[in-house]
Amino acid sequence: LGFLIEGLFFIFYRGIPFITSSPSVAKELKEYGIGENNIHIIHHGVSVIKLDKKQEKNKIPTIIYLAQLSQDKGIEDALNAFAVISKKNENLLFWVVGKSKDASYERQIKNLTRRLNIVPRVEFFGFVSEKEKFELLSKSLILIHPSVREAWGLNVIEANSVGIPAVGYNVTGLRDSILHMKTGILTKENTPQGLVDSLSLLIEDKDLYERLSRNAIEWSKNFSWSKAGEMSWRLIKNIYAKKN
């Protein structure tokens, strides 16, 4: 129902200024009839926790999923992709960081790991503190984020801040936060096999990985909440001045 009425919803807001976080969402707003002059792109910031000491990479290369456990965030596709890639590369682990709003769905996900025969290689952390989140990211190799849609992809920038490239679906939001073949990889097809192909490339090509890791750190430096706040406040004052 929400999908069907979404377009109608924007009819009432065509003269209202919008702040959005990514160019691909801005494009969708234009398609809904919002005028280009009323669309303002201000990227989200990122709050990076400075760790007490440098974290060593996990001894076993680890792919990390950092998001809510839900179908739209792609946890099932991520696990299916890991099941495939772990068959040809037995020296891999998978960390799942985040929890589900629905306990029954979380049980369903854990049952999926059993059906895929990957239980010994998958660890569920649930909800973690900000500090632990950045510790886990720092120890990981690659962030996997096969979401069906994002406004931006804050977890991507958080991972980038500690040099972790992201592999994600080529969808709204992620095609802006992930710079393809510069800070991470967008899949050619939004399927588990597409994830497998992209993950394999990053794991096998060490030079590519190191380049993307360095670029990811530099890319993440463009985003801060102070910058986002200043831009938002400036925009609000300009809008107010025009109306008065």
Side-chain angles (χ1 to χ4, degrees), residues 1-47 65-78 98-102 105 127 143-161 166-180 182-192 194-195 219-220 222-244:
L1 180 61
F3 177 79
L4 292 173
I5 67 172
E6 188 174 37
L8 298 174
F9 175 83
F10 284 96
I11 292 174
F12 303 101
Y13 293 90
R14 286 183 174 174
I16 301 297
F18 278 74
I19 293 176
T20 187
S21 54
S22 66
S24 51
V25 175
K27 181 174 179 290
E28 290 185 350
L29 287 172
K30 290 178 190 176
E31 292 169 355
Y32 283 131
I34 306 301
E36 187 170 356
N37 291 337
N38 273 332
I39 301 173
H40 308 275
I41 300 171
I42 299 177
H43 297 303
H44 295 314
V46 58
S47 299
Y65 171 95
L66 173 63
Q68 186 181 83
L69 272 60
S70 61
Q71 285 184 312
D72 64 315
K73 295 294 183 182
I75 180 60
E76 294 175 45
D77 282 9
K99 66 177 184 178
S100 174
K101 291 182 178 179
D102 183 349
Y105 183 71
F127 180 82
L143 173 78
I144 185 171
H145 193 47
S147 180
V148 299
R149 188 181 188 280
E150 290 288 339
W152 172 239
L154 185 57
N155 57 346
V156 169
I157 308 301
E158 290 175 331
N160 289 171
S161 72
V167 167
Y169 281 165
N170 189 356
V171 296
T172 297
L174 292 183
R175 64 174 63 106
D176 302 305
S177 56
I178 299 175
L179 303 183
H180 182 57
K182 292 181 180 178
T183 65
I185 300 180
L186 295 169
T187 56
K188 288 184 179 179
E189 54 182 43
N190 296 338
T191 63
L195 293 169
W219 171 239
S220 71
N222 292 303
F223 310 100
S224 71
W225 287 116
S226 59
K227 182 178 178 180
E230 289 170 7
M231 293 176 68
S232 298
W233 180 234
R234 194 181 310 127
L235 173 62
I236 291 168
K237 286 197 294 185
N238 288 339
I239 293 170
Y240 179 81
K242 289 178 181 178
K243 290 185 177 294
N244 291 276

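Because the structure is a prediction, the values reported are computed rather than measured.
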- Hey, is the main chain of L186 close enough, under 3.5 Å, to the side chain of H180 for a donor-acceptor pair? yes
- Task: State, yes or no, whether a side-chain contact exists between K99 and L69 at a heavy-atom distance under 4.5 Å.
- Result: no
- Is a donor on one side and an acceptor on the other found under 3.5 Å between the side chain of S22 and the backbone of A151? yes
Listed pairs under 3.5 Å, donor-acceptor, residues 231-238 side chains, sequence neighbours left out:
{"from": "S232", "atom 1": "OG", "to": "A228", "atom 2": "O", "distance (Å)": "2.8"}
{"from": "N238", "atom 1": "ND2", "to": "R234", "atom 2": "O", "distance (Å)": "3.3"}

- Query: What's the spacing between K73 NZ and L66 CG if we round to 0.5 Å?
  - Reply: 10.0 Å
- Can you find a heavy atom in the side chain of V167 that is under 4.5 Å from one in the side chain of H145? no
- Message: Do R175 and Y169 have side chains that approach each other closer than 4.5 Å (heavy atoms only, starting at C-beta)?
- Response: no
- Consider only side-chain N and O atoms of E28 and T172, and report whether a donor and an acceptor are under 3.5 Å apart. yes
- Message: Return the OG to CG distance between S177 and N160, rounded to the nearest 0.5 Å.
- Response: 8.0 Å
- Item | CD (E31) with more than 12 external heavy atoms under 6.0 Å | yes
- Shortest non-hydrogen contact from Y65 toward G74: CE1-C, 4.3 Å
- Query: How many angstroms lie between CD in E36 and CG in N38, if you round to the nearest 0.5 Å?
  - Reply: 10.5 Å
- Distance-only, no hydrogens or angles: does the N222 side chain make a donor-acceptor pair with backbone N or O of W219 under 3.5 Å? yes
- Query: V148 and V171: side-chain contact (heavy atoms from CB on, under 4.5 Å), yes or no, with the steps?
  - Reply: CA-CA 7 Å; V148 299; V171 296; 5.7 Å; no
- Task: Give, for atom OG1 of T187 and atom CD1 of I178, the distance between the pair rounded to the nearest 0.5 Å.
- Result: 8.5 Å
- Query: Can you tell me if N155 uses its side chain to pair, donor with acceptor, with the backbone of A67 under 3.5 Å?
  - Reply: no
- Under 3.5 Å, is there a donor-acceptor pair between the T191 and E189 side chains? yes
- Message: Quick one: does any side-chain atom of S147 pair with a main-chain N or O of E150 as donor and acceptor, under 3.5 Å?
- Response: no
- Task: Tell me, please, which residues at least two apart from F9 pass ring-ring contact (aromatic ring centres under 6.0 Å, His included).
- Result: Y13
- Would you check if I34 and K30 make a side-chain contact, meaning some heavy-atom pair closer than 4.5 Å? no
- Message: Just to verify, what does S161 make a side-chain contact (heavy atoms from CB on, under 4.5 Å) with, not counting sequence neighbours?
- Response: V48, F134, S220
- Quick one: does S24's side chain have a donor or acceptor within less than 3.5 Å of a partner on G173's backbone? yes
- Item | Euclidean distance, I185 CD1 relative to L179 CG, rounded to 0.5 Å | 12.5 Å
- So, D102 and S100: side-chain donor and acceptor under 3.5 Å apart, yes or no? no
- Query: Do the non-hydrogen side-chain atoms of Y105 and E76 ever get within less than 4.5 Å of each other?
  - Reply: yes
- Side-chain contact test, heavy atoms from C-beta onward, threshold under 4.5 Å: evaluate it for I42 versus S21 and give yes or no. no
- Task: Please state whether the rings of Y32 and F10 are parallel, tilted or perpendicular, taking 30° and 60° as the class boundaries.
- Result: parallel
- Task: Any chance you could measure I41, atom CD1, to I19, atom CD1, to the nearest 0.5 Å?
- Result: 11.5 Å
- Do H43 and W152 have side chains that get closer than 4.5 Å, going by heavy atoms? yes
- Below 4.5 Å, heavy atoms only, C-beta onward: do F12 and L8 meet side chain to side chain? no
